[in-house]
2 protein chains.
Amino acid sequence: MVTIKDIARKAGVAPSTVSRVIQDHKGISTATKEKIRLIMDEMDYRPNVSARNLVLNSSHTIAMILKSEAHDAYENPFNNAVYNGVVEACREDGYSIISTTKNTEREILEEVKSLIRLRQVDGFIVMFSKTGNKVTEYLTSVGLPFVVVGKDVNQNNDAIYIDNDNITAAYQLTQLLIDKGMRDIRVINDDEGFTVAKDRMKGFKDALRDNELDSDECIIQVGSELEEIRDTLNEAFNSKQPEGIITFDGFLHAKVLAALYELQIRVPDDMLTATFNDSPLTQFASPPQTTVDIHSADIGREAGRALIGLIQEPNKLKCNITLPTQVIERQSTRKE
Amino acid sequence: MVTIKDIARKAGVAPSTVSRVIQDHKGISTATKEKIRLIMDEMDYRPNVSARNLVLNSSHTIAMILKSEAHDAYENPFNNAVYNGVVEACREDGYSIISTTKNTEREILEEVKSLIRLRQVDGFIVMFSKTGNKVTEYLTSVGLPFVVVGKDVNQNNDAIYIDNDNITAAYQLTQLLIDKGMRDIRVINDDEGFTVAKDRMKGFKDALRDNELDSDECIIQVGSELEEIRDTLNEAFNSKQPEGIITFDGFLHAKVLAALYELQIRVPDDMLTATFNDSPLTQFASPPQTTVDIHSADIGREAGRALIGLIQEPNKLKCNITLPTQVIERQSTRKE
DNA sequence: TTGAAAGCGATACCAC
DNA sequence: GTGGTATCGCTTTCAA
């Protein structure tokens, strides 16, 4: 294996000089820089990550923290897509990723603390946004860089927040259904706690209000089990079957569709359906679903880049990032 | 940060002794072992990974190599599930993972070579099995440990192979359809090259033969685009519409279902459908699909464990691992 | 603008 | 059984 000393010897300079060239240090003549770069290329030199990490006391590793049932987390295409985006961003700069899931905030906090000591993580991507988030509070207090995928609830200037404009997205999706002549539209959701759900709810209600539709009693809260969902829907539809439904997450939506199938409700003939977070689960559903593409992989890529930027330059200005959304209409809202 | 020297000082021993205790070295008295372990606990000592990697010239990192379009690879639930299994196995031993996808074997080979130098990967998980696999040949030649997810095509004793019994699984799935009275069953597949497809094909044909059914002309080869699939199926069904179809991969199957929907072929009323690789895509399809659960996450876990075992003990006997499969019947094959 | 040398934290060889 | 110490590859002062 070729080391920094080999390069130095061949170039007739000291290892420290080579090290400076690697870092494009100002104060090294262009001549030597070029000479040494050439030799590094020739010898196909790659710096040893462990050695560098050791002396810099960093791990070149970031952690991605999810909050949910482990099983669900890894099956939900949204998380996978974001993860892949993060992977991409990390590869560009040679970072590694640790990804963990816990169910409660307490457990997450433990994990975060242990991660900080145990593996020397350089920063965190927190995959959820909530008011009174203990995890972000803790990270702020210890001063470790982190970015949050979600909304900046209380204008936290210690971190970068990556989000879509979920209010507008939900407004547009709802408007699409209203434009189809739907008057009775309901929302299906499984966890009210997250900011993303609140935003989507707001967009939904705003759209109803602007179209002078009533927004009372149009929220259906469900669990995560298929049978449970089916029964809840069945009961909710008992008095009056809505003309259209919007689910706040694509993964949940797949279960809703399976439930509708069991209830013998046909899409789009009996009911229009639409959801958020486009993925194969919605693209290749039967029928393919109208969704809001929130560009999950891009969220991940931006989150990764932002975090790495923060790690390398902790004092840089922390500006939040809002990614565009796009309503994709498919057959689930196309009644002949 | 507490280091090995701090422990040594507090215990009144040399750093080397502490190091030996960490490795549970035989030749250290139980008394000192216990004493030092206590102190390590008290001081909440964690070995520095970078330092250890540096001196051991290892990276504590394994690579997972996929062969397909990047986009597809990360959307296919099978790959994600296997990956999660690998993650779990790696976490147990503190290993990190690099995952990459390339389209051609040439590109993969380049990536592998570069990975070996660039990041000092300790071993590989090769996510495909083929006859004449250049990647496994190369890895064998350089002597780096690797495991293959797939079938041991030519009794390669230099690596561990993790696989299901795909022949039997396909046989059982086919038999299930035959038991439903289906006589005209077709297979849909997108890539014949992989061993897994060959095995499933054999199981399928064996089942037909044992039931005295004709197996000619029952293979439908499709591409990966939805429109393409729809057109191919439409044409294939033109002369005679089969009574049942089996797709060799669950991700492809989702597209097939979407195509059937467009062609206005109803499942299970007009046609029974079944596939491999159970996932949310098949569980929550409309209708939920009969599938073979190949326990993808377990494949990943076993692959990870096997690889780590190989890394830590390169000369240990390399025995292949066969995981069980399980046919799960759902509504797609239940005609009222 | 460059060089010499100390040191990051852990391991393993050679002594005793 | 245990201790002393060179070593891994790189960065970074301090000097020149």
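In the text below, chain A, chain B and the rest are named by the order of the sequence lines, each starting its count at 1.
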Seminar exercise, completed: F124(A) meets the ring-ring contact (aromatic ring centres under 6.0 Å, His included) criterion, sequence neighbours left out, with none
Exercise. Heavy atom of residues 1-11 of chain B under 4.0 Å from DNA chain C: which residues?
Worked result: M1(B), T3(B), I4(B)
Seminar exercise, completed: side chain to side chain contact (heavy atoms under 4.5 Å, CB included) test vs V147(B) passes for just one of N320(B), I321(B), L310(B), namely L310(B)
Problem set entry | Short N-O contact, D24(B) and K33(B), less than 4.0 angstrom | yes
For this session: Count the heavy atoms of every other residue, nucleotide or ligand shown that sit under 6.0 Å from NZ of K134(A), and state whether that count exceeds 12.
Result: no
Exercise. Are any of Q23(A)'s side-chain N or O atoms less than 4.0 Å away from OP1 or OP2 of dC10(D)?
Worked result: no
Problem set entry | Approximate separation, where rounding is to 0.5 Å, of N133(B) CG and L109(B) CG | 9.5 Å
Exercise. Can you say whether the rings of F194(A) and F128(A) are parallel (under 30°), tilted (30 to 60°) or perpendicular (over 60°)?
Worked result: perpendicular
Exercise. Base, sugar-phosphate alone, or nothing: which one does N57(A) contact when heavy atoms must sit under 4.0 Å apart?
Worked result: nothing
Exercise. Any side-chain heavy atom of V21(A) sitting closer than 4.5 Å to one from I7(A)?
Worked result: no
Problem set entry | Comparing L54(B) and V13(B) on DNA chain D - which has the more 5′ nearest nucleotide | V13(B)
For this session: For DNA chain C, find the residues of residues 29-45 of chain A with a heavy-atom distance under 4.0 Å and give them by number; none if there aren't any.
Result: S29(A), T32(A)
Which atoms of nucleotides 13-15 of chain D (N or O only) lie under 3.5 Å from a protein N or O atom, and what are those distances?
{"unit_1": "dT13(D)", "atom_1": "O4", "unit_2": "R20(A)", "atom_2": "NH2", "d": "3.0"}

Problem set entry | Terminal helix-axis angle for the helix from dT1(C)-dA16(D) to dC16(C)-dG1(D), with five pairs defining each axis and rounding to 10 degrees | 40°
Exercise. So where does chain A start and stop touching DNA chain C, 5' to 3', when the test is distance under 4.0 Å to a non-hydrogen atom?
Worked result: dT1(C) to dG9(C)
